Amino acid sequence: MASYDVIVIGAGPGGYVAAIRCAQLGLKTACVEGRETLGGTCLNVGCIPSKALLHASHQLHEAEHNFAKMGLKGKSPSVDWKQMLSYKDDVIGQNTKGIEFLFKKNKIDWLKGWGSIPEAGKVKVGDDVHEAKNIIIASGSEASPVPGADVTVDEKVVVTSTGALELGKVPKKMIVIGAGVIGLEMGSVYARLGAEVTVIEFLDAITPGMDGEVQKQFKKLLEKQGMKFVMGAAVSKVDATKTKAKVTYKLRKDDSEETLDADVVLCATGRRPFTGGLGLEALGVEMSERGQIKTDNQWRTNVPGIFAIGDAIDGPMLAHKAEDEGMAAAEVIAGKHGHVNYDVIPGVIYTAPEVASVGKTEQELKEAGVNYKVGKFSFMGNGRAKAVFQGDGFVKLLADKDTDRILGCHIIGPAAGDLIHEVCVAMEFGASAEDLALTCHAHPTFSEAVREAALACGDGPIHM
């Protein structure tokens with residue numbers, strides 16, 4: 001029986017980061033992982049492989065639509081799907097091997113297998129029981145079933161995001177159930193590769209919880225790229241054969257029933273905590289009605305010595321939120337002050353254009369009765385964006401009308417996922433819109449659009 005200061009269950013972004021931080025702080029650490037590779041859902045069947053396919057499909061889109069405009073002529077590239085999947089797998093391999101190297105560098109033991117907690121202070125992996133003064137549960141999440149619908153996932157014709165990364169060929173017709181981040185990212189990949197993509201969404205707007213103006217503009221741009229949307233529709237069943245599927249749904253406005261045929265159906269109706277098999281019920285660990293592990297503000301459960309982070313607990317299911325919590329929980333265990341600022345956690349959708357946000361939406365500020373102001377700037381006024389055919393979209397900065405303090409930012413446009421971070425840093429330091437407006441930004445860059453939105457919170461932008 002091995003004994004540790006900390007055993008982390010799960011080697012996804014939250015788990016492996018927690019393990020590395022624990023080791024850096026001088027704690028003897030092990031990490032339990034049942035997959036053949038480290039990195040969890042994100043590195044193996046989520047964030048990383050999907051970004052590889054998004055990048056590849058964006059290059060194809062550029063070649064088909066913009067190369068000729070720039071004087072780059074010749075035969076348009078064709079899609080070698082097998083090679084594209086090979087490229088995606090190579091990207092996964094580089095990243096997962098990188099985590100394995102970091103484990104060795106930091107002297108973290110990888111306990112291979114699926115873990116459970118027979119009692120506080122003990123973790124069972126296979127037939128072996130290990131002792132741990134502290135346990136961090138970082139077990140992640142899994143795809144949620146389509147609510148209220150008769151759907152059987154086979155990961156070939158009816159797939160989750162996992163199967164969508166491994167299709168045998170690019171489908172002619174794809175139906176995506178759910179207009180959230182995963183559905184729109186994967187739907188846009190296949191739309192750019194030539195599939196006819198229809199998205200069915202229960203609500204009346206895409207990307208729930210996002211700024212209303214961004215939602216409308218985003219949907220228009222995706223439609224312009226060829227994606228179709230059926231809004232306000234509840235899927236009731238999916239009938240599938242080995243090669244085809246038929247999706248039945250009801251429109252909420254009049255209860256009329258419709259059907260659509262597809263070669264592949266992607267179920268993208270969110271994710272739920274993956275905590276089965278850990279033995280939490282027998283331990284008496286408190287859970288929420290949504291199946292999340294309850295924790296206090298130091299990521300402790302109600303059972304002494306057991307912590308939980310990431311998708312297994314409350315909050316947005318984002319890899320970087322899990323990473324922050326992993327570092328913070330490690331610091332708490334080491335007797336330091338772990339901290340996560342939940343008001344400054346950015347969210348990004350990696351379509352083209354990208355969509356990014358941080359802080360409050362305008363709708364949230366209205367509901368809270370906050371006296372706010374809006375600074376907006378279109379990428380059509382940004383020289384760099386126009387030069388690379390990415391003038392669609394805008395930056396929207398929200399600031400307190402009385403104090404000028406930045407309260408939120410919403411970007412749809414080129415490199416939005418990178419641009420959002422200067423606003424994150426500004427918010428972390430309690431900056432005002434004027435602070436951002438007075439900061440010199442290099443020209444020509446996309447980032448000038450953020451400064452212009454800040455200027456729009458004052459006397460007005462220069463280039464609009």
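Quantities reported herein were computed from a predicted structural model and do not represent experimental measurements.
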Basic-acidic side-chain contact under 4.0 Å: Glu142, Arg271: no

Going by the angle between their ring planes, with limits at 30° and 60°, are Phe446 and Phe379 parallel, tilted or perpendicular? perpendicular

Is any side-chain heavy atom of Val374 closer than 4.5 Å to one of Leu398? yes

Hey, does Thr269 have a side-chain heavy atom less than 4.5 Å from the side chain of Pro147? yes

Salt-bridge present (Asp80, Lys82; N to O < 4.0 Å): no

I'd like to know if the side chain of Asn106 reaches the main chain of Phe103, judged simply by a donor and an acceptor atom lying under 3.5 Å from each other, with no hydrogens or angles considered. no

Is there side-chain contact between Val197 and Val176, with heavy atoms separated by less than 4.5 Å? yes

How long is the gap from OG on Ser139 to CH2 on Trp114, to the nearest 0.5 Å? 10.0 Å

Kindly compute the distance separating NE2 (His55) from CG (Leu60), expressed to the nearest 0.5 Å. 12.0 Å

Please check if atom NE2 in His463 has more than 12 non-hydrogen atoms from other residues, nucleotides or ligands closer than 6.0 Å. no

Are there over 12 heavy-atom neighbours, none belonging to Lys173, within less than 6.0 Å of that residue's NZ? no

Evaluation steps, side chain to side chain contact (heavy atoms under 4.5 Å, CB included), between Phe394 and Val214: CA-CA 9 Å; Phe394 57 84; Val214 172; 3.9 Å; yes

Could you check whether atom NZ of Lys219 has more than 12 heavy atoms from other residues, nucleotides or ligands sitting under 6.0 Å from it? yes

Between Thr41 (side chain) and Val45 (backbone), is there a donor-acceptor pair under 3.5 Å? no

What residue among Val370, Asp343, Val358 forms side-chain contact (heavy atoms from CB on, under 4.5 Å) with Leu407? Val370

salt_bridge(Glu166, Lys88) N-O dist < 4.0 Å: yes

Within the structure provided, determine whether Gln215 and Phe218 are in side-chain contact (heavy-atom separation under 4.5 Å). no

Got a second to check how far Lys373's NZ is from Glu362's CD, nearest 0.5 Å? 14.0 Å

Under the 3.5 angstrom rule, does the side chain of Gln225 hit a backbone N or O of Ala352 as a donor-acceptor pair? yes

Between Ser357 and Asp211: side-chain donor-acceptor atoms closer than 3.5 Å: no

Would you say that Val230 contacts Thr198 through its side chain, given a criterion of any heavy-atom pair below 4.5 Å between the two side chains? yes

Sole residue of His410, Lys366, Glu367 in side-chain contact (heavy atoms from CB on, under 4.5 Å) with Thr361: His410

Would you find a donor on one side and an acceptor on the other, under 3.5 Å apart, between the side chain of Glu201 and the backbone of Met231? no

Check whether any side-chain N or O of Asn95 sits under 3.5 Å from a backbone N or O of Val91 as a donor-acceptor pair, and report yes or no. yes

Pair Asp204 + Arg252, salt bridge at N-O below 4.0 Å: yes

Ion pair Lys246/Asp239, N-O distance below 4.0 Å: no

Is there side-chain contact between Ile20 and Gln24, with at least one heavy-atom pair below 4.5 Å? yes

So that I know where these two stand, are Trp81 and Tyr190 an aromatic pair - ring centroids less than 6.0 Å apart? yes

Looking only at side chains, do Asp89 and Ser86 share a donor and an acceptor under 3.5 Å apart? no

Contact between Val238 and Ile177 at the side-chain level, heavy atoms closer than 4.5 Å - yes or no? yes

Verdict with reasoning, Met84 to Val170, per side chain to side chain contact (heavy atoms under 4.5 Å, CB included): CA-CA 11 Å; Met84 197 177 285; Val170 177; over 6 Å; no

Donor on one side chain, acceptor on other, Asp90 and Gln94, under 3.5 Å: yes

Any donor-acceptor pair under 3.5 Å linking the side chain of Glu354 with the backbone of Gly417? yes

Please indicate whether Arg272 has more than 12 foreign heavy atoms, meaning atoms of other residues, nucleotides or ligands, lying under 6.0 Å from its CZ. yes

Begin from the C-alpha positions of Ile200 and Ile175 and carry the test side chain to side chain contact (heavy atoms under 4.5 Å, CB included) through to its verdict. CA-CA 7 Å; Ile200 302 174; Ile175 291 172; 3.7 Å; yes

A side-chain contact here means heavy atoms from C-beta on lying under 4.5 Å apart; do Glu155 and Thr162 qualify? yes

Give a yes or no on whether a salt bridge exists between Glu213 and Lys376, defined as a side-chain N under 4.0 angstrom from a carboxylate O. yes

Nearest 0.5 Å, what's the CG-CZ distance between Asp314 and Arg290? 6.5 Å

Donor-acceptor under 3.5 Å (Trp110 side chain, Glu33 main chain): yes

Salt bridge or not for Lys112 and Glu36, using N-O below 4.0 Å? no

Contacts of His61 that satisfy ring pair (Phe, Tyr, Trp, His ring centres under 6.0 Å) - sequence neighbours left out: His65

Determine yes or no for a side-chain-to-main-chain donor-acceptor pair under 3.5 angstrom, with Asp435 supplying the side chain and Ala431 the backbone. no

So Trp299 and Tyr342, would you call those rings parallel, tilted or perpendicular, with 30° and 60° as cut-offs? tilted

Sequence neighbours excluded, the answer for side chain to side chain contact (heavy atoms under 4.5 Å, CB included) partners of Ala453 is Phe377, Val395, Leu397

For Pro49 and Ile92, work out which heavy atoms get closest and say how close. CB-CD1, 3.7 Å

Taking it one step at a time, do Glu196 and Lys228 satisfy salt bridge (Lys or Arg N to Asp or Glu O under 4.0 Å)? CA-CA 8 Å; Glu196 184 185 306; Lys228 296 174 185 172; 3.5 Å; yes

At what distance, to the nearest 0.5 angstrom, does CD1 of Ile309 lie from CD1 of Ile137? 10.0 Å

Donor-acceptor check, side chain of Asn341 to backbone of Glu428, threshold 3.5 angstrom: yes or no? no

Would you please test Thr351 and Val189 for side chain to side chain contact (heavy atoms under 4.5 Å, CB included) and show each step? CA-CA 8 Å; Thr351 46; Val189 165; over 6 Å; no

When you measure from the side chain of Lys250 to the backbone N and O of Ala233, does any donor-acceptor pair fall under 3.5 Å? no

Candidate pair Asp392 and Lys220, rule salt bridge (Lys or Arg N to Asp or Glu O under 4.0 Å), full reasoning: CA-CA 11 Å; Asp392 289 322; Lys220 276 183 193 169; over 6 Å; no

Pair Lys169 + Asp263, salt bridge at N-O below 4.0 Å: no

Could you tell me whether Asp459 atom CG has more than 12 heavy atoms of other residues or ligands within 6.0 Å of it? no

Rounded at 0.5 Å granularity, tell me how far OG in Ser447 sits from NE2 in His441. 5.0 Å

Checking side-chain polar atoms at under 3.5 Å, does Thr248 have a donor or acceptor matched by the opposite partner on Glu257? no

